Amino acid sequence: MAYWLMKCEPSAYSIDNLEKDDCSSWEGVRNYQARNFMRDKMQIGDLALFYHSNAEPSGVAGVMKISRAGYPDHFAFDAEHKYFDARSTPDKPLWYMVDVAFVAKFAKILPLQQIKAEPRLTGIMVAQQGSRLSIQPISEEHFKVICELSGLKKI
DNA sequence: GCCAACGTTGGC
DNA sequence: GCCAACGTTGGC
């Protein structure tokens with residue numbers, strides 16, 4: 001059982017969208033490191049923080065659960081789609097995605113500023129300067145501290 | 001909207 | 001395989 005932090009711009013897809021949909025694919029990741037995490041490491045049942053990037057404020061918005069492990073991102077095969085990539089084919093997929101399921105929405109966004117200010121979260125990847133990785137592993141301890149700070153009692 | 005930090009591309 | 005140019009991310 002592993003823990004993750006996954007970024008998305010809420011203008012594209014937010015925790016509210018996921019709560020409404022209950023379940024969603026997490027397509028469009030076009031970074032090799034992030035892809036490797038999804039393809040090789042993420043397992044059904046893993047918990048992930050939903051991080052709103054480029055937002056007001058940016059921060060953790062809620063919790064979700066991996067409901068399907070890595071599988072080829074078929075949006076890369078569709079020439080009409082914005083995530084199209086000619087280098088990826090059904091035979092030799094280049095990009096992967098997972099499915100996520102809604103677990104909880106925080107009463108309030110936990111802003112990045114507060115994450116940076118919390119001593120128990122020292123060293124967390126999302127607070128590093130210039131951290132752009134959209135799929136990040138996170139320790140169980142950091143995960144729990146963030147849930148606690150957000151007032152979430154129980155997953 | 002600015003721009004620093006970072007990842008990727010491609011010429012050589 | 002180096003590295004400059006370019007594109008993207010994301011906080012501010």
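A, B, ... follow the sequence lines: proteins, then strands. Residue 1 opens every chain. Predicted, not measured: the structure shown is a model, and the values here were computed from it.
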Check the hydrophobic clustering (I, L, V, M, F, W, Y; side-chain heavy atoms under 4.5 Å; chains of links allowed) and say if A:Tyr13 and A:Val98 are grouped together.
-> yes
Measure [atom1]/[X] against [atom2]/[N] and give the value in whole Å, please.
X: A:Leu94; N: B:dT8; atom1: CG; atom2: C1'; answer: 12 Å
X: A:Gln33; N: C:dT9; atom1: CD; atom2: P; answer: 15 Å
X: A:His52; N: C:dT9; atom1: NE2; atom2: C1'; answer: 17 Å
X: A:Asp85; N: B:dT8; atom1: CG; atom2: P; answer: 12 Å
X: A:Met125; N: C:dT9; atom1: CE; atom2: C1'; answer: 16 Å
X: A:Asn31; N: C:dG10; atom1: CG; atom2: C1'; answer: 14 Å
X: A:Arg30; N: B:dC6; atom1: CZ; atom2: C1'; answer: 19 Å
X: A:Ile135; N: B:dG7; atom1: CD1; atom2: P; answer: 15 Å

Closest to the A:Lys7 side chain, choosing from C:dG11, B:dA5, C:dG10 = C:dG10
Per A:Ser134 side chain, nearest of listed nucleotides C:dG10, B:dA5, C:dG11 = C:dG10
Below the 4.0 Å mark, does [N] have OP1 or OP2 next to a side-chain nitrogen or oxygen of [X]?
X: A:Gln129; N: B:dA5; result: yes
X: A:Tyr32; N: B:dC6; result: no
X: A:Ser58; N: C:dG10; result: no

Between A:Gln43 (side chain) and A:Met1 (backbone), is there a donor-acceptor pair under 3.5 Å?
-> no
State whether the side chain of A:Ser88 and the backbone N or O of A:Leu94 hold a donor-acceptor pair below 3.5 Å, judged by distance alone.
-> yes
Ranking A:Asn54 and A:Gly130 by the position along DNA chain B of their nearest nucleotide, the one closer to 5' is A:Asn54
Closer to the 5' end of DNA chain B via nearest nucleotide, is it A:Arg87 or A:Arg132?
-> A:Arg132
Specify the closest pair of heavy atoms between A:Ala34 and A:Val29, including all atoms of both residues, with the distance to one decimal.
-> CB-CG1, 3.5 Å
Measure from NZ or CZ of A:Arg68 to the centre of the six-membered ring of A:Tyr71 and say whether it is under 6.0 Å with the direction within 45° of the ring axis.
-> yes
If you look at every strand shown and take non-hydrogen atoms under 4.0 Å, does A:Glu9 touch a base, only sugar-phosphate, or nothing?
-> nothing
